[in-house]
Structure formats: structure tokens, C-alpha cells
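Whatever order the structure lists them in is the order used to number ligands and atoms, beginning at 1.
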Amino acid sequence: MTERIPIASDHAGFELKEQLVRALRALGYEPDDLGTHSAASTDYPDYAHPLAEQVESGRAKRGVLLCGTGLGMSYAANRHKGVRAAVVWSPEVAGFARSHNDANVLVLPARFLSEGDAVAILKTWLETPFEGGRHQARVQKIEREA
Ligand code: RB5
């Protein structure tokens, strides 16, 4: 069955999100575009929370967020239990975000990436498995109550 992947951005990530929606389709996934749907100014938490709720509840296995720096989206998404939202700026970091950190939300700094770089990051993140082993216990420790 085709995997549905929720994807969302604010205005700063809008253009790149549109490109990644097309890239997801071309890679054989079913993108679920949660907005924003224009370049008009918006607030990133309004998009981060609905997407992270889907991952938190298990309705989606993983998702993709974009804003200017990636930071605001990651702050909001990481408030959700079980969400590991990673700001990623290169395919190599994307690989480690998966293999070591089991990142289930990919966050892209849209103002600092070309379309080609973003697609390469997306593809690596989608295709790299979590290594488990010594990394499993570390990832579990993230979830302790503060
Ligand atoms: C919007 O101007 C910008 O602040 C936002 O996209 C993001 O970078 C916040 O972290």
C-alpha cells in the first residue's frame, strides 16, 4: 500500500513544499498536503502541531515540515510525545537523523536549500532505516519525563 506522508510549511517554505509534494509523488509516496496553500504570511505552529499530532497518534508514521530556518517548526513539533523532528541541511545529516536518531519528522530550512538539495535530503531520509542497537536505548531516554 502506498504510504501517506503528511507535509506542511509556513509561507517561507511554501515554494519548496510544492516542489517536495511533486517529488514525493514521483518517488511513489502519497503526499498529504496540510498547507499552507499560498505565499501569504502565516504562523508556523499552526502547521507544525496538526502534522505532529498525526505522528504522535500513529495516524501517520512520519511527516515533513518546512519553514525558513527549520527551527520554529522543530520547536513546535518536538513538543509532541514520541515525535523526533530533525532539522536537516544535507543528505549526510539526513542519513544520521534516521540511522542514529530515528527521526520521524524531517524539518527543512527552506531559505537555505536548493530544490535539488532538498530532494536529495528527502530521498535519503525516506530510504534510510533506523540502526537500532546502541541507538535504541539512547532514543528511548529522550522520552523520560522532565
Ligand atoms: C518566517 O519569516 C520565519 O520566521 C519562519 O519561517 C521560520 O524560519 C521560523 O523558525
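Each of Lys61, Arg4, His80, Arg62 was evaluated against Gln54; a single residue qualifies, Arg4, per the side chain to side chain donor-acceptor pair (under 3.5 Å) test.
Short contacts between ligand 1 and His11, defined as distances under 4.0 Å to a heavy atom of the residue, involve ligand atoms 1 (C), 2 (O). Remark: ligand 1 atoms within the under-4.0 Å shell around heavy atoms of Gly72 are 9 (C), 10 (O). Of all the atoms in ligand 1, the ones that sit under 4.0 Å from a non-hydrogen atom of Asp10 are 1 (C), 5 (C), 6 (O). Remark: ligand 1 atoms within the under-4.0 Å shell around heavy atoms of Ala12 are 6 (O).
Taking any N or O of Cys67, backbone or side chain, none lies under 3.5 Å from an N or O belonging to ligand 1. Polar contact check, Gly68 against ligand 1: a nitrogen or oxygen pair lies under 3.5 Å apart. Geometrically, ligand 1 and Tyr44 share no nitrogen or oxygen pair separated by less than 3.5 Å.
Using bins of under 30°, 30° to 60° and over 60° for the plane-to-plane angle, the ring pair His135/His100 lands in the parallel bin.
Under a cut-off of 6.0 angstrom, the local environment of CD in Glu127 is crowded, with over 12 non-hydrogen atoms contributed by other residues, nucleotides or ligands.
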Exercise. Check the pair Arg98 / Glu131 against salt bridge (Lys or Arg N to Asp or Glu O under 4.0 Å), numbers first and verdict last.
Key: CA-CA 8 Å; Arg98 287 291 314 130; Glu131 254 177 52; over 6 Å; no
Quiz item: Please walk me through it: do Arg22 and Glu18 pass salt bridge (Lys or Arg N to Asp or Glu O under 4.0 Å)?
Solution: CA-CA 7 Å; Arg22 289 193 285 275; Glu18 299 295 290; 5.3 Å; no
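For atom 8 (O) of ligand 1, the protein comes within 4.0 Å by at least one heavy atom.
Only the side chain of Arg111 comes within 4.0 Å of ligand 1, judged by heavy-atom distances.
Side-chain atoms of Thr42 and Asp46, non-hydrogen and from C-beta on, never get closer than 4.5 Å to each other.
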